[in-house]
Structure formats: structure tokens, C-alpha cells
Amino acid sequence: AIEAHEPTRTVCRIADPGRSVFADSSGNTPAWVALEYMAQCCAVHGSLSASDGPPKVGFLIGSRCLELACGEVTAGQELGVSVQPVFVQRHLAAFDCEVVDKKTGQRCASAQLKLYLQPAAIGDPGD
């Protein structure tokens with residue numbers, strides 16, 4: 001769910017990570033899945049910020065300073081995911097990202113994600 005959006009920040013909520021396809025039989029999800037949550041929140045930010053036509057498709061090309069503060073996300077845990085664009089240029093973008101436990105405020109994961117933004121259409125004259 002989208003909790004907040006501004007040009008400089010977007011916040012999303014993951015209500016039940018235990019329903020994820022990555023969850024084990026107990027409903028616990030490995031901490032590295034936070035990369036996917038951060039990438040999805042970046043996509044939400046891009047979609048809500050698109051002012052020059054449809055949003056561009058983005059591909060995760062790397063991360064810097066990935067920190068996983070927990071081994072897993074437990075069933076029923078509610079997460080907040082926030083992203084802040086560091087730079088967005090023609091076909092490249094970088095976002096500072098953080099995942100926190102909504103109940104305790106404890107940081108579960110953080111990273112800076114690098115993305116490649118695909119041209120809106122093949123042969124687009126702006127590319």
C-alpha cells in the first residue's frame with residue numbers, strides 16, 4: 001500500500017510479508033527479500049512522479065551499502081519502505097532506500113539502489 005508520496009520521497013507499507021512467495025512454511029521471509037520491497041517502492045515512486053507520459057520500466061542493476069539488520073522478517077510483521085531519489089537522469093536513477101519495522105521503528109534493511117530506466121518506446125525520438 002502507498003502511505004505517502006512527495007517528489008522527494010515515497011513511503012509504502014508491506015502489511016503481511018508472510019504471504020510472500022518467498023515465505024517459508026512458518027510465514028517467515030529471508031531479509032534479502034527487502035531488496036525486492038525497496039525496488040517495488042522505487043517503481044511506485046517512478047509511476048507517481050511520471051509527468052511526461054507513461055512511467056518507464058526500470059531494471060535493478062545494482063546496490064550499494066546494502067545492510068540487512070535482521071535475518072528474516074517474521075509472519076505478521078508490518079514493514080514500512082521509504083525511497084528517496086538521489087539522482088534521476090535520462091536512463092539512470094539511484095535511490096536511497098530503507099525498510100523499517102512499523103511497530104518498533106527498527107531498521108530491517110537499507111541500501112542505495114541503482115536502476116536503468118528503459119525508453120518508453122522503441123524509436124522514441126527523445127532517446
Side-chain angles (χ1 to χ4, degrees):
I2 301 166
E3 289 194 337
H5 171 72
E6 301 169 9
T8 59
R9 184 170 187 250
T10 296
V11 180
C12 296
R13 177 176 43 88
I14 310 295
D16 187 4
R19 293 184 3 197
S20 164
V21 298
F22 300 106
D24 63 17
S25 60
S26 300
N28 298 329
T29 306
W32 55 263
V33 176
L35 273 170
E36 176 66 18
Y37 299 149
M38 291 186 275
Q40 290 295 327
C41 193
C42 289
V44 168
H45 181 85
S47 294
L48 295 175
S49 299
S51 60
D52 59 346
K56 296 180 178 182
V57 174
F59 296 94
L60 178 63
I61 57 175
S63 64
R64 291 187 68 210
C65 304
L66 173 63
E67 291 184 21
L68 301 174
C70 58
E72 62 186 7
V73 176
T74 58
Q77 190 173 9
E78 189 172 337
L79 302 175
V81 183
S82 64
V83 300
Q84 297 178 309
V86 176
F87 74 86
V88 178
Q89 295 176 348
R90 191 170 179 192
H91 295 297
L92 296 174
F95 288 85
D96 284 338
C97 308
E98 182 178 64
V99 178
V100 298
D101 181 302
K102 296 281 289 176
K103 187 175 184 178
T104 66
Q106 180 180 349
R107 180 187 296 178
C108 298
S110 63
Q112 185 177 87
L113 300 188
K114 311 284 185 175
L115 300 120
Y116 168 76
L117 306 175
Q118 183 179 19
I122 296 174
D124 184 341
D127 297 318

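What's counted below: heavy atoms across the whole structure, side chains too, no hydrogens, waters or symmetry copies. Everything quoted here is computed from the prediction, not taken from an experiment. Residue numbers start at 1 and run along the sequence shown.
The same ILVMFWY cluster, assembled from side-chain heavy atoms under 4.5 Å apart, contains both Leu113 and Val81. Note: the hydrophobic cluster containing Phe59 does not contain Phe95 (ILVMFWY, side chain heavy atoms under 4.5 Å, direct or indirect links). Linking ILVMFWY side-chain heavy atoms closer than 4.5 Å, directly or via other members, places Val88 and Val57 in two distinct hydrophobic clusters. A continuous path of hydrophobic side-chain contacts links Phe22 to Leu66 [ILVMFWY only; heavy atoms under 4.5 Å].
Residues satisfying the side-chain contact (heavy atoms from CB on, under 4.5 Å) test with Ser47, not counting sequence neighbours, are Pro55. Residues passing the side-chain contact (heavy atoms from CB on, under 4.5 Å) test with Asp96 are Val86, Gln112, sequence neighbours excluded. With sequence neighbours excluded, the residues satisfying side-chain contact (heavy atoms from CB on, under 4.5 Å) with Thr104 are Asp101, Gln106. Here Glu98 pairs with Arg107 under the salt bridge (Lys or Arg N to Asp or Glu O under 4.0 Å) rule; sequence neighbours left out.
Counting only heavy atoms from C-beta outward, the side chains of Val44 and Val83 never approach each other to under 4.5 Å.
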Side-chain donor/acceptor pairs under 3.5 Å, residues 1-9, sequence neighbours excluded:
from, atom 1, to, atom 2, distance (Å)
Glu3, OE1, Lys102, NZ, 2.9
Glu3, OE2, Arg13, NE, 3.4
Glu3, OE2, Lys102, NZ, 3.2
His5, ND1, Thr10, OG1, 2.7

Enumerate donor-acceptor pairs with a distance under 3.5 Å from any side-chain N or O in residues 30-42 to protein atoms, sequence neighbours excluded.
from, atom 1, to, atom 2, distance (Å)
Glu36, OE2, Gln40, NE2, 2.7

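The two residues Leu60 and Lys114 come nearest to each other via the heavy atoms CD1-O, 3.5 Å.
Within the model, atoms OG of Ser110 and CG of Leu68 stand 8.0 Å from one another, a figure rounded to the nearest 0.5 Å. If you take SG on Cys70 and CD on Gln77, they are separated by 6.5 Å, rounding to the nearest 0.5 Å. The distance from the CG atom of Leu92 to the CG atom of Leu117 is 7.0 Å, given to the nearest 0.5 Å.
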